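What follows is a set of notes on a single structure, which appears directly below.
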There are 2 protein chains.
Amino acid sequence: MLIVHKYGGTSVGGLDRIENVASRVIKAREEGHDLVVVVSAMSGETNKLVGYAEHFSSNPAKKEMDMLLSSGERVTAALLSIALQSKGYDSVAMTGRQAGIVTDDVHTYARIEEIDPKPMKDAIAEGKIVIVAGFQGITKEGNVSTLGRGGSDLSAVAIAGAIGADQCEIYSDVDGIYTTDPRIEPRAKKLDTISYDEMLEMSSLGAKVLQNRSVELAKKLHVKLYAKSSFSDNEGTLITEESENMEAVLVSGVVLDRNQARVTLRGVSDKPGIAAEIFTMLANNNINVDMIIQNMATADGETNLGFTVPQSELENAKSVIEKFDHDIKGMDFDEKICKVSVVGVGMKSHSGVAAKAFSTLAQNNINIQMISTSEIKISMVIDEKYGELAIRALHEAYELDK
Amino acid sequence: MLIVHKYGGTSVGGLDRIENVASRVIKAREEGHDLVVVVSAMSGETNKLVGYAEHFSSNPAKKEMDMLLSSGERVTAALLSIALQSKGYDSVAMTGRQAGIVTDDVHTYARIEEIDPKPMKDAIAEGKIVIVAGFQGITKEGNVSTLGRGGSDLSAVAIAGAIGADQCEIYSDVDGIYTTDPRIEPRAKKLDTISYDEMLEMSSLGAKVLQNRSVELAKKLHVKLYAKSSFSDNEGTLITEESENMEAVLVSGVVLDRNQARVTLRGVSDKPGIAAEIFTMLANNNINVDMIIQNMATADGETNLGFTVPQSELENAKSVIEKFDHDIKGMDFDEKICKVSVVGVGMKSHSGVAAKAFSTLAQNNINIQMISTSEIKISMVIDEKYGELAIRALHEAYELDK
């Protein structure tokens, strides 16, 4: 098989750990596979460099940041290649540019536009293990670019797609995707398989194993993704296309997101364009709105408009909305909330999943402030202090520990 | 003027020092100059990365080493550019590749083959201060290459030549070139001017301010070089073409080189090809031979052949020569030697300079083991323990403190 491995910062966070990664790569090699290995910077390196830059400027130029930050992955790639060679394996380290990764010019958050697979394929044909510095590429103008935090996952998936790899294994310090956060519910179970869509809902909701953009890209490119631990030999979780088999499972997981704040606009005039105006203003200020709830207007032509934003963006959101001086009677903000979500492709074909969630919370005297649903997800905003209780109750209600 | 600055590892060895460099660059900018600034890695970084590589392999692949080591200069370049921008100056950081530096493919010790000055010139025309990561370039095949230790000096000089800079200022923690090492002779004086050739003799003999390859290149490209300190506002030393004025000065400096070992081959057959064979073998093993002395053969057709090698290469030299099993009666080695040299373009037109050196050592009862002379240099191998005494005596004899 042709396999892409990706090792995150914790997995390469020291010389002994790079040694460990080399052993894993060699094991896969000895099993007869061709390999491209994508690596992150050693953990702490990127933060150190960001700290250096912030010493000089609170808002350093993004192009300069990209030159700065791309150095960490290069170090790891070179070291891993040296480690493999010292054990008698033929390998070659490549920067993003050398691996043919071309991005747009949105520095520090670039998108991969194309990958020329030839350099990697040629090296594989020569029998080499290819090591690629993750997180980076080059713009058409020849400048170094980076893909944003977690961008090494994205590099790995994009490379897997470009070279037609049979699978892409993402190694971190977590050995897969769980039905919920095991720190909240010790009975949480590791999933063998999960669909791309479920994974997207899980990761955007706080399960931090896989970066969302990379799951989206894997879905688009039909890349079979494995989430595995570099510190154990456990099986990991396969993230792949939805299968009929999956739908037999009603719910795959329940997720807690503590990092939300609620904004409610009261007495909003019920006329066209108001909501558009508000959310355009928020978007122009780079505020990510998550849930949005609007009810039917009352008889007097007014409604309430509620939405959630990440807590870190609440102050920003406040100052944007406070400038909005017409067609609104008032506003209030609440940071003491959290969002619990139930995720599963099985919901599509089963009724009663939402009802079970609501009744489970009701049985525990937890008031639901906002509800939002999609085809495979039910999210509920509740008082922050009930978050963990809600997760444990839902985990049990859907029999996720079975 | 169009000026190239180059700041070494000590000058950028911390965030406060990078701040200091930014201030110096701004000062030159405010004086109306156009600037290209070449930077080294923060001091200690390169050694740290070498240490990492050596953890995995005693002989890491040179191509991988280049990817590894080139990262340090990129960090400094990005940080300096961020520092300048934060103070309101327009700047752009470039890697070796982006600055158009193309080298041969001798990894870790590449030679610059050409520089495309357009990217730098375009940026200067746009009013930008150009910051270039030193020590690195790119091969024609697109691989990252480095120029060897001290290669940032070489980058600076080559860039100064390529863009037609009026001068190239090399900043370190030393404020210029002295008549001798001030730690040995406190009365050593800083030179205002020195010729390229004198500088070459001085630096190859142990004055570590400027890397030899960069002085050679400056001579070839007619680049006016200044050696200055980044920690003071002293004038520094100008290294430039030889002038008549210079020849009035008999001797510019005296230099001590402790890092030498002597090899003597006894009873070497006086027939053609023996010396060639020996030195070819040494060269093939990358052993740098410095002085070579051979006297006329004696009546019985034998001679002694003496030469010096760096102490660090003596063991290597021994094992090479011990394999040489014909036409030699014996060999001996001496590490307890040093080399003192007297350097000055004035020697060309003045007689008696060598005689004064010999008599000065004789007056101090220092026995001279080997002598080698060039147009502008007299070198003498003596017992190690007399090295400092010899330097002080010669410094006084040539009135260098006046």
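Quick caveat: nothing in here was measured; it's all calculated off a predicted structure. Labels below follow one simple rule: chain letters A, B, ... track the order of the sequence lines, proteins then strands, and each chain is numbered from 1.
Within the 4.5 Å cutoff, no side-chain heavy atoms of Lys63(B) are placed close to those of Ser81(A). Side-chain contact check for Glu64(B) versus Leu84(A): every heavy-atom pair is 4.5 Å or farther apart.
Per-residue counts of heavy-atom pairs under 4.5 Å with chain A were compared for Ile18(B), Val144(B), Ile131(B), Ile82(B); the largest is that of Ile82(B). Chain A forms more heavy-atom pairs under 4.5 Å with one residue of Ala133(B), Ala93(B), Pro60(B) than with any other, namely Ala93(B). Most heavy-atom pairs under 4.5 Å with chain B: of the set Thr95(A), Leu15(A), Val75(A), this distinction falls to Leu15(A). When Asn59(A), Val92(A), Leu68(A) are compared by the number of non-hydrogen pairs under 4.5 Å with chain B, Leu68(A) comes out ahead. Interface summary for chain B: among Gln98(A), Arg97(A), Lys87(A), the most heavy-atom pairs under 4.5 angstrom belong to Arg97(A). In terms of non-hydrogen atom pairs under 4.5 Å with chain A, the most contact-rich of Leu49(B), Thr76(B), Asn143(B) is Asn143(B).
Taking every heavy atom of both residues into account, Met67(A) and Ala77(B) meet most closely at SD-CB, 4.3 Å. Nearest approach of Gln85(A) to Ala61(B), heavy atoms of both residues: OE1-CB, 3.0 Å. A pairwise comparison of heavy atoms in Phe56(A) and Ala83(B) identifies CD2-CB, 3.5 Å as the closest pair.
Using a 4.5 Å cut-off between heavy atoms, Glu19(B) contacts chain A through both its backbone and its side chain. Of the two parts of Ser70(B), only the side chain, counted from C-beta on, holds a non-hydrogen atom closer than 4.5 Å to a non-hydrogen atom of chain A. Using a 4.5 Å cut-off between heavy atoms, Leu80(B) does not touch chain A at all.
Atom NZ of Lys48(B) is surrounded by more than 12 heavy atoms from other residues, nucleotides or ligands within 6.0 Å. Residue-environment remark: CZ (Arg29(A)) exceeds the threshold of 12 foreign heavy atoms within 6.0 Å. Atom NZ of Lys118(A) has 12 or fewer neighbouring heavy atoms from other residues, nucleotides or ligands inside a 6.0 Å radius.
A distance of 10.5 Å separates CZ of Arg74(B) from CG of Asp66(A), quoted to the nearest 0.5 Å. Note that OG of Ser86(A) and CD of Glu54(B) are 12.5 Å apart. Values are rounded to the nearest 0.5 Å.
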